[in-house]
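For reference, the structure discussed in these notes is given below.
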Amino acid sequence: MAKETRENSKIFSARGLELSERVVAINRVSKVVKGGKRFRFSVLVAVGDSVGQVGLGMGKAKEISIAMKKAIERARKNLVDLKKTGNTLPHPIVGKFGAAEVLIRPAVPGTGVLAGSSVRPIMELGGVKDVIAKVIGRTANPINIAYATMDAVNRLRTPEEIYRLRGKNKETKEA
């Protein structure tokens, strides 16, 4: 029952960033009780500033609007830096979450965002213009795919960071 919408709206974070939001997935969940079924909605929302900050949050409530507010608040608290080189990623990476695996590769300028429904909003809100992504895991669950994408984003490293971690500088790199 997951649905995707492409609506963007502007919100402001505590850091003073102007953030856009996009709904990644909406699920209706039910609980069976003595008198019947109780329905609630869980909403997964991605937020980002289209420059390099992106976050993901989930909210659950009896109404979709309240669930969205909760999800936006959690996403704003979970903002991370999406490391880029130009308009693409510095290196290919595989993100994993549960049974979901997402392969994300850098692309040449002009390619655009070639990605599935759960990966696309995270990449676009993070400011990535050229990327190729493929879900290679054993699931089609949009929530797990989104969290696998965030795992990949968290593990990205720029070339400068890798040189620094190895104790080398860029000018005297060895083959």
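Contact annotation: the side chain of Pro106 never approaches that of Pro90 to less than 4.5 Å [non-hydrogen atoms, C-beta and beyond]. Residues Val128 and Leu89 have side chains in contact (heavy-atom distance under 4.5 Å, counting atoms from C-beta outward). Taking 4.5 Å as the limit, every side-chain heavy atom of Val113 sits out of range of all side-chain heavy atoms of Lys129. A 4.5 Å side-chain heavy-atom check between Asp49 and Glu18 finds every atom pair outside the cut-off. A heavy-atom distance below 4.5 Å is not found between the side chains of Leu114 and Lys134. In this structure, Lys70 and Lys60 have side chains that are not in contact, with every pair of non-hydrogen atoms separated by 4.5 Å or more. Val54 has its side chain out of reach of Val47: every pair of non-hydrogen atoms, C-beta onward, lies at least 4.5 Å apart. Counting heavy atoms from C-beta outward, Leu156 and Asn154 have side chains that stay 4.5 Å or more apart.
Val135 and Ile93 fall within a single hydrophobic cluster, where Ile, Leu, Val, Met, Phe, Trp and Tyr are joined by side-chain heavy atoms under 4.5 Å apart, directly or via other members. Hydrophobic clustering of Ile, Leu, Val, Met, Phe, Trp and Tyr side chains at less than 4.5 Å, counting indirect connections, unites Val80 with Val102. No path of Ile, Leu, Val, Met, Phe, Trp and Tyr side chains, each step under 4.5 Å between heavy atoms, connects Ile122 with Ile132, placing them in separate hydrophobic clusters. Cluster membership check: Ile66 does not share its hydrophobic cluster with Val23, using side-chain heavy-atom separations under 4.5 Å among Ile, Leu, Val, Met, Phe, Trp and Tyr.
Asp151 places a side-chain N or O within 3.5 Å of a backbone atom of Lys96 that can act as its donor or acceptor partner. With hydrogens and angles ignored, the 3.5 Å screen pairs no side-chain donor or acceptor of Lys83 with any backbone N or O of Glu161. When atom types are taken as modelled, the side chain of Asn141 and the backbone of Ile143 share a donor-acceptor pair closer than 3.5 angstrom. Judged by distance alone, the side chain of Thr149 and the main-chain N or O of Ile145 form a donor-acceptor pair under 3.5 Å. Listed for the Asp130 side chain is a donor-acceptor partner under 3.5 Å among the backbone atoms of Gly112. A distance-only check finds no donor-acceptor pair linking the side chain of Lys31 to the backbone of Lys37 [under 3.5 Å].
Smallest separation of non-hydrogen atoms from Ala133 and Ala115: CB-CB, 3.8 Å. Closest approach of Val45 and Val43 over heavy atoms only: CG2-CG1, 3.7 Å. Of all non-hydrogen atoms in Ala46 and Leu125, the two that sit nearest each other are O-CD1, 3.2 Å. Contact record, Gly59 with Ala71: N-CB, 3.4 Å, taken as the closest heavy-atom pair. Pairing each heavy atom of Asn144 with each of Phe97, the nearest pair is OD1-CE2, 3.3 Å. For the residue pair Pro121 and Val24, the shortest heavy atom distance occurs at CG-CG2, 4.0 Å.
For CZ of Arg157, the number of neighbouring non-hydrogen atoms (other residues, nucleotides, ligands) closer than 6.0 Å is greater than 12.
Using a cutoff of 4.0 Å between basic side-chain nitrogens and carboxylate oxygens, Arg120 and Glu124 are scored as salt-bridged. Ion pair Glu73/Arg76 flagged as a salt bridge, since at least one NZ, NE, NH1 or NH2 atom sits closer than 4.0 Å to an Asp/Glu carboxylate oxygen.
Once rounded to the nearest 0.5 Å, the distance linking CG of Asn78 with CE of Met58 reads 12.0 Å. For the atom pair CZ of Arg74 and CG of Leu44, the computed distance is 11.5 Å after rounding to the nearest 0.5 Å. Within the model, atoms CE of Met123 and OG1 of Thr88 stand 9.5 Å from one another, a figure rounded to the nearest 0.5 Å.
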Chi angles and distances behind the side chain to side chain contact (heavy atoms under 4.5 Å, CB included) call for Val131, Arg105: CA-CA 6 Å; Val131 70; Arg105 297 184 312 184; over 6 Å; no
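A cation-pi arrangement is absent between Arg28 and Phe41, since the terminal nitrogen or guanidinium carbon is not both under 6.0 Å from the aromatic centre and inside a 45° cone about the axis.
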